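Order of the sequence lines sets the chain letters (A, B, ...), proteins ahead of strands, with each chain counted from 1. FYI, side chains are in, hydrogens and waters are out, and symmetry mates aren't considered; it's all heavy atoms of this structure. As the structure is a computational prediction, the values presented were derived from the model and not from experiment.
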Number of protein chains: 2
Amino acid sequence: MNMQFDVAQNGALPLMTRPCAPQSCDQCGVRDRAICTDLSDPDRDALSRIGRRVTLHAGQTVMWEGDDSMVVANVIDGTLKLATSTGDGREQIVGVVYASDFIGRPFGARTPHSVTALTDARLCLFPRGSFDAFARDHGDLQHRLLQRTLDDLDRTRAWMLLLGRKTAREKVATFLLDMARRLQADQAGTIELPLSRQQIADILGTTIETVSRQMSELKRQGIIALVGRRGVRLVDGAALEALAEGV
Amino acid sequence: MNMQFDVAQNGALPLMTRPCAPQSCDQCGVRDRAICTDLSDPDRDALSRIGRRVTLHAGQTVMWEGDDSMVVANVIDGTLKLATSTGDGREQIVGVVYASDFIGRPFGARTPHSVTALTDARLCLFPRGSFDAFARDHGDLQHRLLQRTLDDLDRTRAWMLLLGRKTAREKVATFLLDMARRLQADQAGTIELPLSRQQIADILGTTIETVSRQMSELKRQGIIALVGRRGVRLVDGAALEALAEGV
DNA sequence: CGAGGAGTTGATCGATTTCAAGCCGTGTGG
DNA sequence: CCACACGGCTTGAAATCGATCAACTCCTCG
């Protein structure tokens, strides 16, 4: 098991103090995909005034497991991980979020997992109380949040099958396909993983060595090709699909 | 891994054809806990008219993984499991639901997991389309559904840590504490598990033999006592808590 | 009271973890 | 511009936990 402690790479998070250039929703890159999409212009302005734009560096943690739920946010840009740990430091990544996703625990007192930037990232951050109040008054926002939460739950439950019942080979195959779906591959079919081997292991509930071995074996079989440290080309997608479900 | 195929114990489910004695919400046992709680009397009546009361026998499956999402329901009484399987029949239970819980996939085309009664059960069943429409018009209902879905997601993510990172011992200890929390123990501290060893194994992502061995070992250490097949007395709760988190 | 399914226990096997080098490529400093 | 050092990754060998295979026991229900 992973006994490596991911020491937070920041002390007091400068989120609260750093003044951010105010920016309108008009130029927002996730304007048409985030949960605020359907809001009327005045409503979106009102929500925008509640929130602040915030920049994170790779490795920074925005929320810690068990902390009071103080903020929620839209991800404007970048990739972040959601994780929980056992008392002795074994970590399980319980979600990876991308641009336009929503993070934090609305309508609840505790943040049940930590949120850490994997790449540099930008957030549109809201104090939870204000967001909750706003959402209560805006059924369409709440509806989109519900939709998203239901989708998250479906995805999370599907992942439980992987964690509980799949072999290492199946786990890695499933992971690669899942990543290919989210980060759409370039013309050559190559994806650039936003995760280290350790983080992949923490997603799959296995070890770094096992991930590495399975990747090497898939390469040996000509099913994938490895391009540098983080690049993977899915050569034989059908074979991967077959492996992902136990044959 | 569990290669045992759980053959559905029913052919065509007689849900749709069996006429149920109409029953008002007044006598409903979960009236003050289900998602419909906060509705005004006329609203609740309107919702009630959309739904039907349905009785299930232990072993009956209400929804199958991958099927079109046709119905959603409140659980009035009984215990049900939510499960997914790999192509070759390995099963992972992704949730256990009790009286007052909500089942099914609103606002989505597919049911992502099967729902099967573990005990005899009673449901308050709604056609999905009608329920969705009703929920859209009733922000308070939608809010409760959101609350519940967020809680489910938190619980599910916590379970990922168990599946991905905990040892067999820790899994069983965590499971017993979780069950004790839900089924509040009687005066002697004894709980009656609503699950067979196989089902426990399917929840914990392990095998029946491992569950049995870990239970026996906990008994030998005087941490629990086994009472018949399904009874467990938590003798030393603190020790269990310690085991549940890796020491 | 007896049968059969559920659960327990034992023995063995094997996949994955753990421990231990070694490699590679990336960035830095001479 | 090249050497080198560090971190991330790969690979190998040994150890281990849990799975599998196989009896056997014990409830529970007819």
What residue pairs, at least two apart or across chains, pass salt bridge (charged side-chain N to carboxylate O under 4.0 Å, His left out) with a residue in residues 218-242 of chain B?
B:E217-B:R220
Taking salt bridge (charged side-chain N to carboxylate O under 4.0 Å, His left out) as the cut-off, I'd like each qualifying pair that reaches into residues 59-80 of chain A, sequence neighbours left out, listed once.
A:D68-A:R110, A:D77-A:R122
Establish, with yes or no, whether the OP1 or OP2 oxygen of [N] is under 4.0 angstrom from a side-chain nitrogen or oxygen of [X].
X      : N      : answer
A:S216 : D:dT11 : yes
A:T210 : C:dT16 : no
A:R197 : D:dT10 : yes
A:T167 : C:dA15 : no

Side chain of [X] - closest among [options]:
X      : options                : value
B:T207 : C:dC19, D:dC21, D:dA19 : D:dA19
A:L226 : C:dT16, D:dT10, C:dC19 : D:dT10
A:E209 : C:dT16, C:dA20, C:dT9  : C:dA20

Can B:R181 and B:D178 be counted as an ion pair, charged N to O under 4.0 angstrom?
yes
Under a 4.0 Å threshold between the charged nitrogen and the carboxylate oxygen, would A:R155 count as salt-bridged to A:D152?
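Judged by the 4.0 Å cut-off on N to carboxylate O distance, A:D152 and A:R155 do form a salt bridge.
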Starting at the 5' end of DNA chain C, which residue's closest nucleotide do you reach first, B:L195 or A:G205?
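So the residue in question is B:L195.
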Please report the C-alpha distance between A:K166 and B:T86 in whole Å, then the side-chain angles of each, then the deciding distance to 0.1 Å, and finally whether the side-chain hydrogen bond (donor to acceptor under 3.5 Å, both in side chains) criterion is met.
CA-CA 8 Å; A:K166 290 192 180 179; B:T86 58; over 6 Å; no
At under 4.0 Å between heavy atoms, what does A:S212 touch on the DNA or RNA strands: base, sugar-phosphate, or nothing?
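Base, at least one base atom sits under 4.0 Å.
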Under-3.5 Å donor-acceptor pair between A:R213 side chain and D:dG12 base
yes
Tabulated below should be each protein N or O lying under 3.5 Å from an N or O of nucleotides 25-30 of chain D; please produce it.
residue: D:dC26; atom: O2; partner: B:R229; partner atom: NH2; Å: 3.3
residue: D:dC27; atom: O2; partner: B:R229; partner atom: NH2; Å: 3.1

